[in-house]
Enquirer: 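Handing you this structure, nothing more for now.
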2 protein chains.
Amino acid sequence: MHNLLSNISPNFKIPATAREALEHMFVQKQFNKNELLIEDGQVCRHMYFLEQGCIRGFYNIDGKDISQWFGFENDFATSFSSFITRHAAKEYIQVVEDSTLWCISRDQLDELLSKYPELEKTVRLIYEQYYIRLEERYSNAHFKTATERYEDLLKNSPHIIQRMPLGYVASYLGISAETLSRIRGQNKK
Amino acid sequence: MHNLLSNISPNFKIPATAREALEHMFVQKQFNKNELLIEDGQVCRHMYFLEQGCIRGFYNIDGKDISQWFGFENDFATSFSSFITRHAAKEYIQVVEDSTLWCISRDQLDELLSKYPELEKTVRLIYEQYYIRLEERYSNAHFKTATERYEDLLKNSPHIIQRMPLGYVASYLGISAETLSRIRGQNKK
DNA sequence: ACTACTTTTTGACTTTTGTCAACCATCTTC
DNA sequence: GAAGATGGTTGACAAAAGTCAAAAAGTAGT
């Protein structure tokens, strides 16, 4: 549990009262490459915190999969809208490298928040950070060309390019794998 | 103030203790068509609640403006990342129809939340809703063609098409005004 | 080290969308 | 009610990216 608390804490204060409960509710689990944490059609009942490894969320559209987001060490991840609304998810979550994750169920999180309302603020601040990230991603996708999007990613999130297969990155950028391969080829010269 | 409370309340409970303070802190203001609530480079210090009218957030890229979001009656709106981080905004907020807005400053909101921590949960729930909306918007933009995106918008948010000029809608969908005009022409047949 | 499998690259061609320019229709305003 | 704005439409052409197919490179697993 060390990692979770030590990695949330630098940015967000966790009230001492809630620390212990938090430690008890998150459970550490090990997953192997290519395992699916959730599938399209299931309700996503867990929130994950990545201690080690990486995962991705993706949609399946007409047999093609399209990466939606990537998660690395110290990120929280879940199929957010399913987790919150308790409706069936439209996405899959796949383990990309063998990973060590901490899990908490929606019910436990609710319990935690109602017992320790002083955690609400921590959660709000985390949400703010994730909202801003998503907004940034959205606006980049909006007004940049494929090449610019790739170069931005290379500059701002090189770990994505280093650790995720090209095909995953291509759909994340909203382009075909062939186009990404060509862009990358161009860039080397 | 009636509208704000009555329109938040159906979805979110506002603790009675905080009601009055909330009413005092939001100030009603009137804005005219084409006024800018904030400009690129300024810090956005206010959060707005739309009682009547509509507004949009847009980026200016190489002299072109690109709509980022639209706000209508009973929406909250601000240049979120600037409001939260207190850094300069990268976007403009423009009043599209003459509008009646309720405003609260960041400092007042902070004050409100520290005096009435029971509001944290309300804010968290509002954030969840907005996050899910943005995620939906993002994924649609990601894997649908221009025509599908237009048809989705027509189905799910016809008010946008009815109340926003075609040029604003086009950049919101990530396509040129000409392409949108052609799609719309096709659809009529 | 060899096969089987997956991922990436390359080439030829097609489709989609963008750009530029002209044109038309309102709507405002003096 | 004429003169500008503003917003929307249309056409011709150009550019960007997608598709299909095949080759090449990389990665396991035995």
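Chain identifiers are assigned alphabetically (A, B, ...) following the order of the sequence lines, protein sequences preceding nucleic acid strands; residue numbering begins at 1 within each chain. Values below: all heavy atoms of this structure, side chains included; hydrogens, waters and symmetry mates excluded.
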Enquirer: Toward the 5' end of DNA chain D, which comes first, B:K33 or B:T179, by nearest nucleotide?
Expert: B:K33

Enquirer: Between A:R184 and C:dT9, is there a side-chain N or O to OP1/OP2 distance below 4.0 Å?
Expert: yes

Enquirer: Expressed in angstrom and rounded to an integer, what is the separation of B:L173 atom CG from C:dT16 atom P?
Expert: 18 Å

Enquirer: Do we get A:R137 above B:Y138's six-membered ring, with its NZ or CZ under 6.0 Å from the centre and within 45° of the axis?
Expert: yes

Enquirer: Starting at CD1 of B:I61 and ending at P of C:dG18, how long is that distance when rounded to a whole Å?
Expert: 16 Å

Enquirer: Looking at C:dT17, D:dT9, C:dG11, which one has an atom nearest to any side-chain atom of A:R182?
Expert: C:dG11

Enquirer: Roughly how many Å is it from CG in A:L166 to P in D:dT27, rounded to a whole number?
Expert: 13 Å

Enquirer: Check every strand shown and say whether B:A146 touches a base, only sugar-phosphate, or nothing at a heavy-atom separation below 4.0 Å.
Expert: sugar-phosphate

Enquirer: Relative to A:Y168, does A:R56 satisfy both conditions: NZ or CZ under 6.0 angstrom from the six-membered ring centre, and within 45 degrees of the ring's axis?
Expert: yes

Enquirer: Report the distance from atom CD of B:Q162 to atom P of D:dG8, rounded to the nearest whole Å.
Expert: 14 Å

Enquirer: Less than 6.0 Å separating the ring centroids of B:Y150 and B:Y172?
Expert: no

Enquirer: Please state how far atom CD1 in A:I66 lies from atom C1' in D:dG18, giving the value in whole angstrom units.
Expert: 13 Å

Enquirer: How close or far is atom P of D:dA17 from atom NZ of A:K144, stated in whole angstroms?
Expert: 14 Å

Enquirer: Grab the CD1-P distance between B:I161 and D:dG7 for me, whole Å please.
Expert: 17 Å

Enquirer: How close or far is atom P of D:dG7 from atom CZ of B:R163, stated in whole angstroms?
Expert: 17 Å

Enquirer: Under a 3.5 Å threshold, yes or no: a donor from one side chain and an acceptor from the other, between A:Q94 and A:E35?
Expert: no

Enquirer: For D:dA17, does OP1 or OP2 lie under 4.0 Å from any side-chain N or O of A:S176?
Expert: no

Enquirer: State whether B:S181 places a side-chain N or O below 4.0 Å from either non-bridging phosphate oxygen (OP1 or OP2) of D:dG8.
Expert: no

Enquirer: Testing the 3.5 Å rule here: is there a donor-acceptor pair between the side chains of A:S99 and A:Q30?
Expert: no

Enquirer: What contact category does A:K64 fall into here, base, sugar-phosphate, or nothing, at under 4.0 angstrom with non-hydrogen atoms?
Expert: sugar-phosphate

Enquirer: I want to verify a distance call: between D:dT10, C:dT9, C:dG18, whose nearest atom is closest to the B:E178 side chain?
Expert: D:dT10

